[in-house]
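One structure is given here, and the rest of the page talks about it.
Note that this is a predicted model, so its numbers are computed, not measured. Residue indices begin at 1 and follow the sequence shown.
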Amino acid sequence: MGRAEKPLDPDAGPLPRFAHGLRELRRIAGSPTYRDMAARAGYSAPTLSGAATGERLPSLPVTLAYVEVCGGPREEWERRWHALADELSARPVAAAEDEPAPYRGLARYGTEDGALFFGRDQLVADLVALVREHRFVAVVGASGSGKSSLLRAGLVRELRGLGERDGRPAALRICTPGPTPLRTHAALLEPVPGDADTVLVVDQFEEVFTLCRDAAERAEFIGRLLPARAPADARAAAGPGLRVVIAVRADFYGRCTDHHGLVDALNAATLLVGPLSPEQVREAVVKPAAAGRLVVERALTARIVADVAQEPGALPLMSHALLELWRRRRSRTLTLEAYEAIGGVQGAVAHTAEEVFAGFTARRTALARGLLLRLITPGEGTPDTRRPAARAELAGSEEAEQVLEALVRARLLTVDGTGVDLTHEALITAWPRLRDWVESDRERLRLQRRLTRSAEEWEELGRDPGALYRGARLLAARDAFLTADGPAPDLTPLEREFLTVSVRTGRFVQPALVRLRRFVRSRWWLVFRLAALCAVVLWTVWFLNRDHP
């Protein structure tokens, strides 16, 4: 599964604007994977992906190959490339607007961000030791504790370095389960033949509980991840094979006890991820800034340490605040004044989000509300979680598409090909507007998640009438999603059609069922039963005596 591209703000400078245009070409072309593009372009997937990062100007041949694979106008993009090259060459390097940020905001640190990943050295070393000793390792921590960044910018980067030094580089794979983990990732569960290990990293393992609704598929997927005989085989045996590292949110750790083999494997090798210490927070603030030749005011560092150290789940909020400070830097200095202006660690996310909403009309605010709530699964005895969704499910009109793009530019959402996701679950609790929406619509959200699944199943079954809503489910959905003007506007076309057909069918079925129940309760039901009994007796007598005149 390919990793999500980092959000781009086309208004941030000429390079991001150029890269955003390339991404739009790819989206219009149907969002082919970079691997598929590479097969036709003659350049590697990382080269083509790098052309659309907005961090540097790709070469002209790479740009034109990207454009041609996506069916774009070659001459127009050649002119745009030369114009941008001229503009960049005329600007002083120190004043370049496309200087890469040393912080990643709400987004996780990726495998390419290891040079900016600080504060977790000992934890990375402990995790590497566990992975080399065991076939199955679990990383457990609260939401926002940095598990995804630890796996990508820490573990994967370190394993690559160790493999290169040993001359036996491991095959490294990363995925998230999604709604159909076994069907989607079956190929990843087979080790690569050779004399080195295959390491499969399963991030956001809790999705097997929150997104996968097929209990049999969930159980088989988990079983395929485990060593042949846990826990004995959880300890590394001689010879290469598949090693699995999962990252699971602490509040879903209890759900893992539903699978006996998983319990044995977790008991053998589990790494707990806690909050950063004051010294680790200081490293995470100062060292990335130093790598970018920036200065952090001492008073600012002390304030962030006081706000974040030992606070569980605070890392994405801190990283977002630091990114906003970088955008508001005074010359090359990050200041306490700017930190206070954005509301500190706790207020920075809300500050960014409300800046976006300040430019929305009432209609666009309503569209954004429906869009954001579709990306959340309300918890049932557990905290609320994010829910990745297809872009087609969210943007059903040109105006909805524009709202989506505005949220992506603000780094509140992440787009990966045709999929959209909240940049981090911290948004759900750190942004008061979104938190209030979830609370006020909690029951409706649960009904909507069920409606989405039911509509998709109806479609998969060839629109079988037996899959339509009836009875109490139909009444609940009708009350929640039908208005005087028809189905609610925040439903997808498939959901609207499913609900409409269910209601239409129910208008015929329900009265018939009511009449049948009334008939059963009436005295005519007794007469009918006696008549039927007499008919059976007469037929039996005739059948037994038909050969005896």
Given side chains that start at C-beta, do those of [X] and [Y] come closer than 4.5 Å, heavy atoms only?
X: Arg442; Y: Asp384; answer: yes
X: Leu150; Y: Val124; answer: yes
X: Leu325; Y: Val296; answer: no
X: Phe136; Y: Leu262; answer: yes
X: Arg446; Y: Glu443; answer: yes
X: Leu375; Y: Arg386; answer: no
X: Glu405; Y: Glu24; answer: yes
X: Thr210; Y: Arg249; answer: no

Test: [X] and [Y] ion pair at under 4.0 Å:
X: Asp490; Y: Arg444; value: yes
X: Arg183; Y: Glu220; value: no
X: Arg328; Y: Glu355; value: yes

Using modelled atom types only, decide if a donor and an acceptor are shared between the side chain of [X] and the backbone of [Y] within a distance under 3.5 Å.
X: Glu206; Y: Val248; value: no
X: Arg23; Y: Ala52; value: yes
X: Asp436; Y: Arg433; value: no
X: Arg243; Y: Val137; value: no
X: Arg449; Y: Ile376; value: yes
X: Tyr103; Y: Val285; value: yes

Search all heavy atoms of [X] against all heavy atoms of [Y] and return the closest pair with its distance.
X: Ala430; Y: Ala350; answer: O-CB, 4.1 Å
X: Leu315; Y: Ser145; answer: CD1-O, 3.3 Å
X: Leu106; Y: His424; answer: O-CB, 3.7 Å
X: Leu491; Y: Arg374; answer: CA-NH2, 3.7 Å

Quick one: sort the His185 and Phe221 rings into parallel, tilted or perpendicular, breaks at 30° and 60°.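 Rings of His185 and Phe221: tilted, 30 to 60°.
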Candidates Glu393, Arg387, Glu495, Glu457 - the one meeting side chain to side chain donor-acceptor pair (under 3.5 Å) with Thr452: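 It is Glu495; the other options fail the test.
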Kindly indicate whether a cation-pi arrangement holds for Arg80 with Trp77, taking the cut-offs as under 6.0 Å to the six-membered ring centre and within 45° of the axis.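 Flagged: Arg80 positioned over aromatic ring of Trp77.
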Rounded to the nearest 0.5 Å, how far apart are OG1 of Thr423 and CZ of Arg108?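 Thr423 atom OG1 to Arg108 atom CZ measures 10.5 Å (nearest 0.5 Å).
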